[in-house]
Amino acid sequence: MSKQKAVDNFERWAQLVQSIAETRGSNAKIELCANYLAQLSPSQLALACQYMGEGAFSNISGKRASIGSRTIGMAAADYCKIDYDIVFKACRTATGSSTETIQRLFENLTETRQKNILRHWDLAHISELAEKLAQTRARKDKQRILTRIWSGLSPLASKYFVRLLSQGSLRIGFESRSILQALAKIYEVDYEQLRYAHMLTGSIAKTAELVSTHSLDQAQFKLFNPIAFMLAAPIQSRSVKDWDTFIAEEKFDGMRCQLHAYGSKVELFSRDLNVVSNQFPELVDSFAIKDLPPVVLDGEICVFRESIIQPFQDLQKRMGVKKPTQALLSKYPVVFIGYDVLFLERESTVKQPLTQRRISIEKLSKTYKFPISSQHAVSSKKQVEQLFEQALAHGNEGLMLKQKNAPYSFGERKNHWLKVKQPSGSIDTVILYAQAGSGKRGGSYSDFTLGVSVKNDARYEEEFIPIGKAYGGYTDQEWKQLNKAIKGCIINRFGPTAQLHPEIVVELEFEAIQPNPRTKAKYTLRFPRFKAIRWDLSPSDVDSLEHVEMLFEEHQSKKRNPQKSSHSFLKPE
DNA sequence: TTTGTCTGCCC
DNA sequence: ATTCTGC
DNA sequence: GCAGAATGGGCAGACAAA
């Protein structure tokens, strides 16, 4: 009995998390969390925070459970002795959540209740169990271990154990920011100071440990430990009046990269702070021979061949390849284009204004001969438009506008950096299928398969064929209207998917049209989203596949300008 | 061995 | 990545 | 003004099935 009441019990943690999930308002959530955390010893506190904010594994551990929703769902169905496709999926469609489904099935089926013997594991043991899952390779073995774990946990704790297996948030409206606020409250420290420590350590667990032992000052920037990237918000062009407080750079369609270097040691990190050095050995080698002082650069990796920046799809062929062959390296040669410096010699430069950081990176670029972005002073909207066109002509996505006097706001998306893009286009499509969503969208149709017309197309027998899926760009009100309209045109159901009579016309916006031989249409859209529901149009107004092909050809025929008379980036010789 | 499915991680 | 919503 | 939630396409790699 006493064991059951122990504060370090995972069951107790799960109950706390559940009550946070059910509580409205972030201050009330923080209060609940703080009261709970205050009872824990430093090591338990660290784990409790880590589970709430980062999952079963600390962000800096690099570990993954590598178990996806399908494997888990199948295991749950097996454990409950129900059919995965018919019962589990239907239940998930109704609740909008796999883990919610797991909790309810486990609560309500006698079958599972009989197998269930509460083991009252403590927080540390949960880590060991997750570790075991991570170390197991085969999906079948993972499933076996998972069901054994479930048999020792309550249905509620089982739900949250599964959520711990995916990285990041528990989806209870309570993320690392709130956890830090709870910690700030308990230990009466400044929230900004905690956030800074969190950035430096890269881990909630470590930050909690430091604050609870009153040693926050031990959080120090360490070279080769990445820090969170500064992010950009889309521009609301009318809101910008004081153009001259910004500078402009072209927005590269590549891969964000943080480069740490000191002497012959070089490490590259992706946007999610994963190590990607192995994927780009030629970059590592080229920086290693420069013998740089201790430095951290922010920049972009792009494929660059014959003086032309190549499309993102080319880069994708390199991104996931951990041991690239020489042939691959020469087929898709890459550059690192620097545009910011976060650390130099002995000190962090993130608090300096951009102009000052720019002076540093220009000097570094000149001395050590590496490419940096071209920067332009701007003074008017018209000039921004000109630069925008030039960026597109170079094959880039658009522009970045950066406030000259802004610091490097690591891990935040503020209006200090604005991205200027322009949707590539839009087409009128018709809804062919609808699927229920998850979370707050559970139980209603929220994800739509959209089609273009092939009525007069000799290559196809159908009237419409799918061109893409979209789930956003509509408001909650439009979502309700859509669901009402859909009820009247369902002609078939395949599990959670409803096939609709083609009636509802949607103007679909996208960033690009990509050829894809694996789909029926042979083309797909990049970043498709609703632009408008066209209640005023009928299926006969829907654009044809030929129209899509024409748009693609039109775009394809535009040549990417080589980096000759004008430059997206500067490379000192 | 070959082909298909699932997963993670880029955008 | 994108978008909308809630705080 | 910002964080959070819910979702898109495409690629390589790991494992499963044929």
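Chain letters run A, B, ... following the sequence lines, proteins first and then strands; every chain starts at 1. Note: hydrogens, waters and symmetry copies are ignored here, and every other heavy atom, side chains too, is used. Predicted model, so just to flag it, every value in this text is computed and none were measured.
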Which nucleotide in the set [options] lies at the smallest distance from any side-chain heavy atom of [X]?
X	options	answer
A:Lys421	C:dT2, B:dC10, D:dC15	C:dT2
A:Arg518	D:dC11, B:dC10, C:dT2	D:dC11
A:Val321	B:dC10, D:dG8, D:dG13	D:dG13
A:Ser26	B:dT5, C:dC7, D:dA12	C:dC7
A:Ser69	C:dC7, B:dT7, D:dG9	B:dT7
A:Lys140	D:dC11, D:dA17, C:dT2	D:dA17
A:Arg526	B:dC10, C:dC7, B:dC11	B:dC11
A:Lys469	D:dA3, D:dG9, B:dC10	D:dG9

| query | Can you tell me how far P of B:dC11 sits from CG of A:Leu315, to the nearest Å? | reply |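 That distance rounds to 9 Å.
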
| task | Determine the Euclidean distance between corresponding C1' atoms of D:dT7 and B:dC10; express it in Å to zero decimal places. | result |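 Taking atom C1' in both B:dC10 and D:dT7, they lie 16 Å apart.
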
| Just wondering, more than 12 heavy atoms not from A:Ile86 lying within 6.0 Å of its CD1? |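 Counting neighbours around CD1 of A:Ile86, 12 or fewer heavy atoms of other residues, nucleotides or ligands fall under 6.0 Å, so no.
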
| field | Base D:dG10 paired with A:Gln313 side chain (donor-acceptor, <3.5 Å) | value |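 By the distance-only test, no, there is no pair.
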
Is [X] near enough to [N] that one of its side-chain N or O atoms lies under 4.0 angstrom from OP1 or OP2?
X	N	result
A:Arg64	B:dC9	yes
A:Gln514	D:dG10	yes
A:Asn516	D:dG10	yes
A:Arg529	C:dT3	yes

Show each protein N/O and nucleotides 4-6 of chain C N/O combination with a separation under 3.5 Å, one pair to a line.
{"unit_1": "C:dT5", "atom_1": "OP1", "unit_2": "A:Asp476", "atom_2": "N", "d": "2.9"}

